[in-house]
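Take a look at the structure set out below.
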Number of protein chains: 2
Amino acid sequence: MPIQARSQATIEAIFEATIQVLLQGGARALTTNRIAEKAGVSIGTLYQYFPGKEALLYALVGRHLDKAGEAVERACRVHGGMSLADCADLFVDAYIDAKAGDVAVSRALYHASTELDMQDLGAAMLARLHQAVRGLLEHAHGGQPETLDTIVFSWVAVVTGGTRVLFEQDGTIERLPAFRAQLKLMSRAYLDILGTSDMRTDHTRNGECYLAKT
Amino acid sequence: MPIQARSQATIEAIFEATIQVLLQGGARALTTNRIAEKAGVSIGTLYQYFPGKEALLYALVGRHLDKAGEAVERACRVHGGMSLADCADLFVDAYIDAKAGDVAVSRALYHASTELDMQDLGAAMLARLHQAVRGLLEHAHGGQPETLDTIVFSWVAVVTGGTRVLFEQDGTIERLPAFRAQLKLMSRAYLDILGTSDMRTDHTRNGECYLAKT
DNA sequence: ACAATGTGTGAGCATTTGCTCATATGTCTT
DNA sequence: AAGACATATGAGCAAATGCTCACACATTGT
């Protein structure tokens with residue numbers, strides 16, 4: 001669709017302007033006219049490239065998610081003979097690094113995306129992460145495939161969800177280093193179950209009562 | 001402010017109508033006129049009780065968060081001489097149960113809340129959970145208080161965030177039981193670190209390389 | 001019965017929003 | 001140079017939204 005070079009530049013300007021408007025004024029201030037103004041193009045131009053406001057946001061969010069997803073996939077591909085602990089660190093680092101690049105943008109886009117129906121984008125992202133992580137752990141798992149899927153799903157949900165909570169609550173990413181370390185610790189402890197026992201055993205008996213009374 | 005009984009009923013009707021509109025039409029369809037119509041009251045009545053749309057949403061979201069927070073706090077208060085594993089189960093169950101009651105409502109309210117500036121409500125909820133969980137683990141922790149705070153923060157973030165991801169992606173809460181079990185398993189494994197070693201040790205050496213090659 | 005006050009009404013206004021379309025200006029090919 | 005096509009313009013429209021206000025009804029106390 002882009003025949004001349006300037007059209008691509010225009011689209012880029014519109015994308016960038018959308019992010020800027022979102023960052024400055026929030027979801028409420030995100031109007032097509034404002035976006036066009038900020039981008040330095042006319043409102044008509046905007047509607048030449050996007051059939052509507054929703055489509056613009058959809059494309060923008062999709063592009064960002066795609067970038068993050070690709071980064072994680074790339075990181076997960078190189079895992080020759082890693083320990084589970086290293087796998088844990090690998091995914092946690094890859095995901096957080098992919099998201100930490102522009103926390104503000106991620107937050108802004110996420111807030112904007114709730115106005116629309118973008119659950120499919122989020123679901124696609126989750127599925128992508130699921131596949132990547134599955135590949136990472138597959139050869140270390142001896143049990144049934146569905147068991148592995150449950151583990152992968154839970155782990156991915158916890159890592160992505162936990163990171164989101166951190167970013168939402170702590171805009172300054174002050175706590176990020178500590179949280180990252182804890183997330184790794186937790187992931188290692190969890191994944192080690194893969195190598196030590198079946199998922200169905202009740203692990204309350206393995207660990208004693210660690211309660212240190214007074 | 002409510003002197004006669006019917007005013008309270010009106011407010012309740014408005015709250016309920018807000019949820020209904022949100023569930024049926026999403027955030028885009030959430031207009032004051034629609035809410036009033038659905039509630040069976042006039043638009044003027046709505047603005048007699050709430051200074052604006054934002055205030056209405058703020059009150060509604062606050063009420064729901066409050067209910068959930070209170071439930072978790074109540075559950076966390078009774079913890080005489082529990083093992084860490086039981087503590088893990090307790091919080092996971094309490095939080096999920098508090099949220100699972102009305103998944104659809106939680107999702108709807110969350111989506112609506114992004115239009116506004118409600119980060120303070122979310123932060124307050126997190127702080128509340130933090131305090132409750134801190135009380136739950138306090139007597140089992142021998143290290144420095146800041147270490148405990150880091151653990152509690154990370155754990156709470158992971159449990160709340162992970163649950164949110166699940167609810168957003170899986171509206172039918174089909175995967176909830178499996179996820180709940182995994183979350184408990186993960187929490188137990190993580191919290192056990194509290195009783196076995198200091199947080200600063202590198203746990204890569206404790207666990208071997210569990211990788212089962214082929 | 002009657003006023004005082006709490007509660008409910010809804011037509012309609014000011015503003016905003018997403019978007020269209022007739023037109024203008026670049027850019028490329030021949 | 002000139003036509004063909006891609007790109008850009010922006011005034012303005014139809015619809016929607018948050019909200020006001022002058023007025024009506026209900027409940028209470030005396």
Side-chain angles (χ1 to χ4, degrees), chain A residues 1-22 24-61 108-109 111-118, chain B residues 1-22 24-61 108-109 111-118:
Chain A
M1 201 174 266
I3 302 228
Q4 298 176 14
R6 50 185 179 142
S7 67
Q8 192 57 44
T10 302
I11 292 180
E12 211 57 41
I14 291 173
F15 276 153
E16 189 54 41
T18 305
I19 294 174
Q20 290 306 321
V21 171
L22 221 35
Q24 289 174 18
R28 291 296 285 259
L30 192 74
T31 71
T32 50
N33 288 290
R34 237 185 295 265
I35 292 172
E37 189 189 13
K38 191 104 190 172
V41 303
S42 104
I43 180 65
T45 299
L46 190 151
Y47 279 95
Q48 198 157 35
Y49 291 104
F50 303 97
K53 186 190 175 189
E54 304 203 350
L56 165 59
L57 272 178
Y58 195 90
L60 182 57
V61 172
L109 285 183
H111 280 331
S113 71
T114 58
E115 277 189 26
L116 277 44
D117 185 26
M118 294 190 164
Chain B
M1 200 176 266
I3 301 226
Q4 298 175 12
R6 48 186 183 144
S7 68
Q8 192 57 43
T10 302
I11 292 180
E12 211 58 40
I14 291 173
F15 276 153
E16 190 54 40
T18 306
I19 294 175
Q20 290 306 320
V21 171
L22 222 36
Q24 289 175 16
R28 291 294 287 259
L30 192 74
T31 71
T32 48
N33 287 290
R34 238 185 293 266
I35 293 172
E37 188 188 12
K38 192 102 189 172
V41 303
S42 104
I43 180 64
T45 300
L46 189 152
Y47 279 95
Q48 197 159 34
Y49 291 105
F50 303 97
K53 186 189 174 188
E54 304 203 349
L56 165 58
L57 273 179
Y58 196 91
L60 183 55
V61 172
L109 285 182
H111 281 314
S113 71
T114 59
E115 277 190 26
L116 277 43
D117 185 27
M118 293 191 165

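- Note: CZ (B/F50) to C1' (D/dT20) measures 18 Å, nearest angstrom.
- For D/dA8, one of the phosphate oxygens OP1 or OP2 lies less than 4.0 angstrom from a side-chain nitrogen or oxygen of A/Y49.
- Residues passing the ring-ring contact (aromatic ring centres under 6.0 Å, His included) test with B/F15 are B/F50, sequence neighbours excluded.
- Taking atom CD on A/Q48 and atom P on C/dA22, their separation rounds to 15 Å, with Å as the unit.
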Show the distances under 3.5 angstrom between N or O atoms of the protein and N or O atoms of nucleotides 28-30 of chain C.
none

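- Pairs of residues two or more places apart, or lying in two chains, never qualify as salt bridge (charged side-chain N to carboxylate O under 4.0 Å, His left out) while including a residue from residues 37-51 of chain A.
- Taking A/T45 as the reference, nothing meets the side chain to side chain donor-acceptor pair (under 3.5 Å) condition, with sequence neighbours excluded.
- Partners of A/A108 under the side-chain contact (heavy atoms from CB on, under 4.5 Å) rule, at least two apart in sequence or in another chain, are A/L22, A/L23.
- One interatomic measurement links the two molecules: CD of B/Q8 to P of C/dG6, which rounds to 16 Å at whole-angstrom precision.
- Every residue two or more places apart in sequence or in another chain that forms a salt bridge (charged side-chain N to carboxylate O under 4.0 Å, His left out) with B/E54 is listed here: A/R28.
- Under the side-chain contact (heavy atoms from CB on, under 4.5 Å) criterion, B/T18 pairs with B/I14, B/L30, B/I35, B/L56, B/L57, B/L60, sequence neighbours left out.
- Between A/T10 and D/dT7, a side-chain N or O to OP1/OP2 separation shorter than 4.0 Å is absent.
- A heavy-atom distance below 4.0 Å to DNA chain C is reached by none of the residues of residues 51-60 of chain B.
- Residues from residues 31-45 of chain A placing a heavy atom under 4.0 Å of any atom in DNA chain C, listed by number, are A/T31, A/T32, A/N33, A/R34, A/I43.
- Residues passing the side-chain contact (heavy atoms from CB on, under 4.5 Å) test with B/A36 are B/V41, B/I43, B/L46, sequence neighbours excluded.
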